[in-house]
Amino acid sequence: MIRKVFCFWGIVYSESGCPLLDPAPFGRVLPAMITPMKPNGDVDFDMAQTVAKQLVADGADGLVVNGTTGESPTTHMDEKVELVKAVKEVVDVPVISGAGSNDTAHTVRMVEQTQEAGADAVLVVCPYYSRPSQGIFCHYQAVNESADKPIIVYDVPGRTGVRIALDTYVHLAELDHVKAVKDATGDIAGAVRKRMETGLTWYSGDDALYLPFLS
């Protein structure tokens, strides 16, 4: 089974026990969990619980469900909600639910329902396909107004066609619920600067860049 994960610039301690990097509020290694399905295409919630428990046993200290790795474009709202509930029943690590769309109103509905189902945070991708301007901020502002759980911004220009600008990040960091970023831009230097200027928690969203991010 292929496991795609994204990692935080994880906490490292000096010999004196002083932390050298900030703590990671949602965990340090967060697999983007697959959504198991039965032969007829129904979501297999029992198997999802088995996968979730195995991932935690293998060392994951956070899980992401309903991401693109978890078939989010093809699962329905009720399936997303039930998946959050099923995974929350069997693990004691933070569960982050993907709740992103290129439709702001639909994104808001997903955020509201997945957080009500028990998600500890929501992962909200930048609107995709339509290649929006930096008015992206208004999209996240609307999500922020409907959220009561932390929001992780997902910046993946290879899939969305747009990169979130530094100035936009500065404004996003002012929103009450925006707490972190999953960065799949491939821009290490940019990530360092954006993290320093916003104070947001920064996660690596590129498999090949875990070590550079940790460095």
Side-chain angles (χ1 to χ4, degrees), residues 1-8 24-129 143 146-156 158-160 180 182-184 203-208 210:
M1 179 176 62
I2 297 174
R3 294 174 183 164
K4 182 179 179 67
V5 302
F6 63 95
C7 296
F8 176 68
F26 309 111
R28 307 188 181 290
V29 179
L30 288 75
M33 199 180 97
I34 64 168
T35 298
M37 294 184 179
K38 300 176 181 178
N40 66 356
D42 290 344
V43 174
D44 189 335
F45 295 106
D46 291 336
M47 181 57 67
Q49 290 182 322
T50 298
V51 171
K53 289 188 290 185
Q54 186 63 55
L55 289 171
V56 173
D58 287 345
D61 55 356
L63 295 176
V64 179
V65 299
N66 293 322
T68 48
T69 301
E71 309 298 336
S72 61
T74 59
T75 52
H76 300 293
M77 181 76 81
D78 58 340
E79 293 173 320
K80 290 178 170 66
V81 168
E82 290 305 314
L83 184 61
V84 171
K85 291 179 179 178
V87 173
K88 284 288 293 182
E89 284 180 2
V90 296
V91 299
D92 58 359
V93 300
V95 175
I96 295 92
S97 178
S101 166
N102 58 351
D103 175 356
T104 301
H106 183 51
T107 299
V108 167
R109 289 193 295 271
M110 283 196 286
V111 167
E112 291 174 343
Q113 294 191 35
T114 53
Q115 67 184 9
E116 288 174 4
D120 297 290
V122 288
L123 178 66
V124 180
V125 70
C126 173
Y128 46 82
Y129 187 77
V143 173
S146 68
D148 55 30
K149 298 292 180 68
I151 298 168
I152 302 173
V153 174
Y154 186 12
D155 191 359
V156 54
R159 293 181 181 272
T160 63
K182 179 184 177 183
D183 188 320
Y203 286 88
S204 169
D206 283 321
D207 294 352
Y210 294 155

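Keep in mind the model is a prediction, meaning the values are calculated, not measured.
With sequence neighbours left out, the side-chain hydrogen bond (donor to acceptor under 3.5 Å, both in side chains) criterion links Ser101 to no other residue. Under the side-chain contact (heavy atoms from CB on, under 4.5 Å) criterion, Ala105 pairs with Asp103, Arg109, sequence neighbours left out. Contacts of Lys88 classified as side-chain hydrogen bond (donor to acceptor under 3.5 Å, both in side chains), with partners at least two apart in sequence or in another chain: Asp120. Judged as a side-chain contact (heavy atoms from CB on, under 4.5 Å), and not counting sequence neighbours, the contacts of Ala119 are Val84, Ser97. Among residues two or more places apart in sequence or in another chain, the side-chain hydrogen bond (donor to acceptor under 3.5 Å, both in side chains) test is passed with Thr104 by His139. Looking at residues two or more places apart in sequence or on another chain, you find a side-chain hydrogen bond (donor to acceptor under 3.5 Å, both in side chains) between Gln49 and Glu89. Checked against side-chain contact (heavy atoms from CB on, under 4.5 Å), Gln113 has the following partners two or more places apart in sequence or in another chain: Met77, Val81. Residues forming a salt bridge (charged side-chain N to carboxylate O under 4.0 Å, His left out) with Glu116 (at least two apart in sequence, or on another chain): none. For Thr50, the side-chain contact (heavy atoms from CB on, under 4.5 Å) criterion is met by Met47, not counting sequence neighbours.
Residue Leu30 holds its CG atom at 4.5 Å from CD1 of Ile96, rounded to the nearest 0.5 Å. Separating the CG atom in Asn66 from the CG atom in Leu123 is a distance of 10.0 Å, to the nearest 0.5 Å. We find the OH-CZ distance between Tyr203 and Arg28 to be 7.5 Å, quoted to the nearest 0.5 Å.
The two atoms that bring Ala99 and Thr107 nearest to each other are O-CG2, 3.1 Å, heavy atoms only. In terms of heavy-atom proximity, Glu79 sits nearest to Thr74 at OE1-O, 4.5 Å. Looking at every heavy atom in both residues, Ala121 comes nearest to Ile152 through CB-CD1, 4.4 Å. Here the shortest heavy-atom pairing between Ala60 and Val93 reads O-CG1, 4.1 Å. Here the closest heavy-atom approach between residue Gly70 and residue Thr35 is recorded as O-OG1, 2.6 Å. Heavy-atom minimum distance, Ala117 versus Lys85: O-CG, 3.6 Å.
For the pair Lys80 (side chain) and Thr75 (backbone), a donor-acceptor distance under 3.5 Å is present.
In this structure, the side chains of Leu63 and Pro31 come closer than 4.5 Å at one or more pairs of heavy atoms. Between Lys149 and Val122, the closest side-chain pair of non-hydrogen atoms is not below 4.5 Å. Side-chain contact between Lys182 and Val64 is absent, with no heavy atoms from C-beta onward closer than 4.5 Å.
Applying the salt bridge (charged side-chain N to carboxylate O under 4.0 Å, His left out) definition to pairs two or more places apart or across chains, none involves residues 34-55. Pairs engaging residues 60-72 under the salt bridge (charged side-chain N to carboxylate O under 4.0 Å, His left out) rule: none recorded [sequence neighbours left out].
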Intermediate values then yes/no, side chain to side chain contact (heavy atoms under 4.5 Å, CB included), Val125 and Arg159: CA-CA 10 Å; Val125 70; Arg159 293 181 181 272; over 6 Å; no

Step-by-step side chain to side chain contact (heavy atoms under 4.5 Å, CB included) determination, Leu55 to Met33: CA-CA 9 Å; Leu55 289 171; Met33 199 180 97; 3.6 Å; yes

